[in-house]
Amino acid sequence: MSGAEDRPTGQLTEAEAVAEWADLAQAVLAANTAYHRDDAPVLTDADYDRMKQRMVALEAAFPGIEAALAGPSPTALVGGPVAEGFRKITHRVAMLSLENAFDAEDVADFADRIRRFLNHAEALTFTAEPKIDGLSLSLRYVNGVLHYAATRGDGMVGEDVTANARTIADIPETLTGAPEVLEVRGEVYMSHPDFAALNERAATAGTRTFANPRNAAAGSLRQLDARITASRPLRFFAYAWGEVSAPLAPTQFQSIRRLADLGFQTNPHTVLCDGPEAMLTHYRLIERERATLGYDIDGVVYKVDDLGLQARLGYRSNTPRWAIAHKFPAELAWTELLGIDIQVGRTGALSPVARLKPVTVGGVVVQNATLHNEDYIAGRDSRGQMIRGGKDIRVGDWVQVYRAGDVIPKVADVDLTRRKPGSQPYAFPTECPDCGSHATREEGDSVRRCTGGLICPAQAVERLKHFVSRAAFDIEGLGAKQVEYFFADPTLPVRTPAEIFTLADRDAANPLQKLKHRDGFGEVSVTKLFAAIKAKRTIPLDRLIFALGIRHIGETSSGLLARHYGTWEAFIAAIDEAKDQSGPAWEELRATDGIGAVSARALVEALHPDSAERAEVDRLVSLLSIQPVAAARSDSPVAGKTVVFTGTLEKMTRAEAKARAEALGAKVAGSVSAKTDLVIAGPGAGSKIREATRLGVEVIDEDAWLRLIGA
Ligand code: IVH
């Protein structure tokens with residue numbers, strides 16, 4: 001195909017060059033699939049490279065060649081991982097989002113609006129299909145060959161994830177009988193069993209686990225190294241299209257069927273409806289089946305079936321007029337409360353956890369749910385007012401379990417008609433179930449706390465877990481499981497943060513011997529762990545303050561304190577000076593923007609020079625090199641503004657966005673209120689946008705934000 005028989009490019013006509021180039025492209029793409037997805041190379045490296053070189057030579061001799069095929073060359077797309085982030089791809093047809101409907105009235109309004117817009121008297125036909133909770137992807141095929149795959153990005157410009165998309169079995173490399181140009185759009189997602197298995201593997205390996213299948217799918221697709229994507233079980237449903245050189249069919253329904261004929265997976269729960277009533281019937285059917293589908297969905301999408309009418313209806317700035325997403329409400333289910341366990345948190349809080357007879361809620365099997373605190377179980381809120389009509393919750397009761405999105409399941413209600421005779425109100429323990437210390441409630445606090453402090457093993461383990469968590473020291477290979485393991489280990493225990501950093505030295509007397517033959521630890525993993533620990537001896541001040549796990553001092557306060565005091569020395573000197581909760585240092589601490597008296601008190605109490613806890617902290621600090629944090633800028637366009645991030649951010653993680661905003665002097669809040677200056681909304685944002693609109697707060701997308709901060 002290439003090599004000795006290559007004709008000099010100067011002797012080729014343009015048509016011959018295009019034909020040869022297209023053949024080579026197809027072969028290179030097929031070789032990529034065989035290599036990345038199937039782990040079964042079909043070409044030697046030398047042949048593969050020669051073919052790509054020939055393509056490059058053809059491209060150089062015929063500069064129009066790529067335009068002739070309407071898209072960038074696979075020579076640019078294939079090959080190793082892109083060094084710095086992903087290449088950008090401008091969508092030829094924007095990738096839009098959908099307007100949301102929350103109830104039957106919204107759906108009826110949608111149908112009415114369309115009828116009025118079209119001045120259409122007769123009934124309209126709609127498709128109804130599940131709204132897949134994954135991330136959207138655009139696949140461009142030219143002459144039946146996958147040309148590129150791009151994420152949605154901001155809807156106009158996405159990221160080139162071609163190499164990654166090729167590893168997904170549901171995405172065909174080539175199509176037979178497709179229009180010359182065809183952009184297939186759909187959702188990349190991960191099934192429930194694949195998600196569970198992936199997290200299980202990650203937990204065992206001590207690496208990051210994902211909060212839900214959507215995050216897992218997004219994290220897996222947006223990997224710079226396609227081999228990682230290849231190891232993750234992603235799937236793809238096709239449900240729409242972008243640019244097409246010839247229509248697929250006259251209707252939405254038939255177009256989707258055509259995509260299925262071309263080899264795409266399409267959702268089997270897609271039906272035609274003759275109006276709102278039929279749409280709602282299908283919605284209820286899908287809602288009932290939601291738990292057994294095996295993947296996450298978050299609603300039902302309705303689309304006008306006739307593509308001629310779709311074209312007349314057109315688009316608003318960001319959403320089509322011809323489609324709407326009818327979202328599911330939070331999921332509910334009833335089950336039996338088998339028992340109540342008390343978990344002790346890092347600050348000693350006793351948290352009641354419901355042990356439930358397993359029940360499927362929103363597609364996930366739930367066996368545990370939070371019961372919040374002792375008042376909640378007794379049927380009171382934090383001010384002593386009745387909740388649930390004053391009904392208490394007892395072991396053996398039938399309870400309603402509630403789950404909304406990523407949120408931890410909650411016990412919401414209790415069915416008194418099914419209460420067992422002779423049942424007793426739940427007696428909340430007044431002693432710590434772990435260390436036996438007295439558990440007390442402070443005035444005005446709804447939480448009962450173990451007073452054992454450092455002597456309570458449960459608190460100590462939880463503090464360690466917090467210490468190594470992602471926003472704190474984030475030590476690779478030292479997750480919650482490993483912390484429990486080391487904590488309980490009699491030969492080489494890790495019971496305090498400082499002991500993490502002395503682990504290697506303590507092991508050094510008999511290098512690696514003590515650790516390496518234990519469950520799950522080989523020489524390589526021990527060496528890696530020591531290296532990961534060593535790397536974190538250097539730590540930014542804000543992370544250190546957060547890692548200490550002091551009550552009321554979360555990530556935000558830690559960042560504020562770090563930016564205010566700059567260095568550990570300045571910070572701890574100020575805390576020492578403020579220890580009696582009076583004087584200028586105390587006033588300064590209390591007046592630090594965003595800190596307040598409660599947090600200030602918690603800090604000076606926890607870090608009091610006479611406390612055992614402080615001795616621990618000093619020991620830890622002596623083992624670290626603490627990086628100072630620069631003061632927040634006051635000259636940026638967002639300095640002093642309160643901003644809220646909502647929806648999925650696509651250019652950076654939430655943590656990163658927050659850190660950058662704070663470094664520019666902005667305050668990052670979790671919810672929208674009258675004090676909010678700006679909401680930055682990514683795809684999937686919902687109620688916060690509505691709240692912002694209601695309050696007249698400006699809403700911008702991620703790109704506009706990046707422009708604003710000059711990134
Ligand atoms: S249609 C022009 N159909 O929902 C409209 N979208 O909230 C194209 N989604 O960005 C989208 N399932 O990522 C459509 N069956 C479905 C869908 C679906 C999930 C996602 C898609 C879109 C988002 C809008």
Side-chain angles (χ1 to χ4, degrees), residues 91-102 106 110 114 126-139 149-156 158-159 161 170 183-190 213-215 217-218 221-222 234-244 248 252-253 255-257 259-260 264-273 279 282-283 286 290 293 295-305 307 309-311 313-328 363 405 646-648 650 681-690 701-702:
H91 299 299
R92 286 158 207 251
V93 173
M95 289 183 81
L96 300 175
S97 58
L98 294 169
E99 190 195 341
N100 288 329
F102 296 96
D106 292 347
F110 164 68
I114 286 175
F126 296 87
T127 59
E129 68 200 64
K131 182 170 189 298
I132 316 299
D133 198 4
L135 66 154
S136 46
L137 190 68
S138 184
L139 305 170
T151 60
R152 179 173 180 274
D154 64 357
M156 307 304 291
E159 284 175 327
V161 290
D170 288 346
E183 281 179 10
V184 177
R185 292 184 174 172
E187 204 85 352
V188 173
Y189 67 100
M190 194 178 284
R214 181 165 48 83
N215 289 358
L221 186 68
R222 295 184 72 258
L234 295 176
R235 294 162 193 245
F236 180 79
F237 273 130
Y239 52 64
W241 55 92
E243 190 184 11
V244 280
L248 291 170
Q252 176 79 30
F253 194 77
S255 301
I256 298 304
R257 189 165 279 170
L259 291 178
F264 290 95
Q265 299 300 318
T266 57
N267 196 284
H269 305 275
T270 308
V271 299
L272 282 172
C273 300
M279 284 144 79
H282 194 60
Y283 172 88
I286 291 183
R290 184 177 181 189
L293 293 177
Y295 47 86
D296 275 357
I297 62 171
D298 56 351
V300 174
V301 182
Y302 309 123
K303 300 172 185 166
V304 170
D305 191 41
L307 298 187
L309 297 181
Q310 279 194 9
L313 285 157
Y315 303 89
R316 303 180 203 87
S317 63
N318 221 341
T319 55
R321 281 197 191 82
W322 44 265
I324 200 161
H326 188 178
K327 304 294 285 278
F328 290 133
T646 179
T648 315
E650 295 180 322
S687 60
K688 286 186 186 151
I689 297 195
R690 265 177 286 134
D701 66 11
E702 193 180 354

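All ligand and atom numbering here is 1-based and tracks the order in the structure. Everything numeric in this text was worked out from a predicted model, so none of it was measured.
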Nearest non-hydrogen contact to atom 6 (N) of ligand 1 from the set Tyr239, Phe237, Trp241, Trp322 belongs to Tyr239

Under 4.0 Å between a side-chain nitrogen and a carboxylate oxygen: does that hold for Asp170 and Arg235?
no

Looking only at protein heavy atoms, which one is nearest to [atom], and what is the separation?
atom                    : answer
atom 12 (N) of ligand 1 : Ile132 N, 3.0 Å
atom 23 (C) of ligand 1 : Lys131 NZ, 3.9 Å
atom 5 (C) of ligand 1  : Leu98 CD2, 3.7 Å

(message) Under 4.0 Å from atom 20 (C) of ligand 1, can you find at least one protein heavy atom?
(response) yes

Which bit of [X] gets closer than 4.0 Å to ligand 1, counting heavy atoms only: side chain, backbone, both or neither?
X      : result
Glu187 : side chain
Ala325 : neither
Arg185 : neither

Near Glu129 (heavy-atom distance under 4.0 Å), the atoms of ligand 1 are 3 (N), 15 (N), 16 (C)

For Leu96, the ligand 1 atoms with a heavy-atom partner under 4.0 Å come out as 10 (O)

Check contact between Lys303 and ligand 1, using heavy atoms of the residue and a distance below 4.0 angstrom.
yes

Query - Contact (N/O only, under 3.5 Å) between Pro320 and ligand 1 - result: no

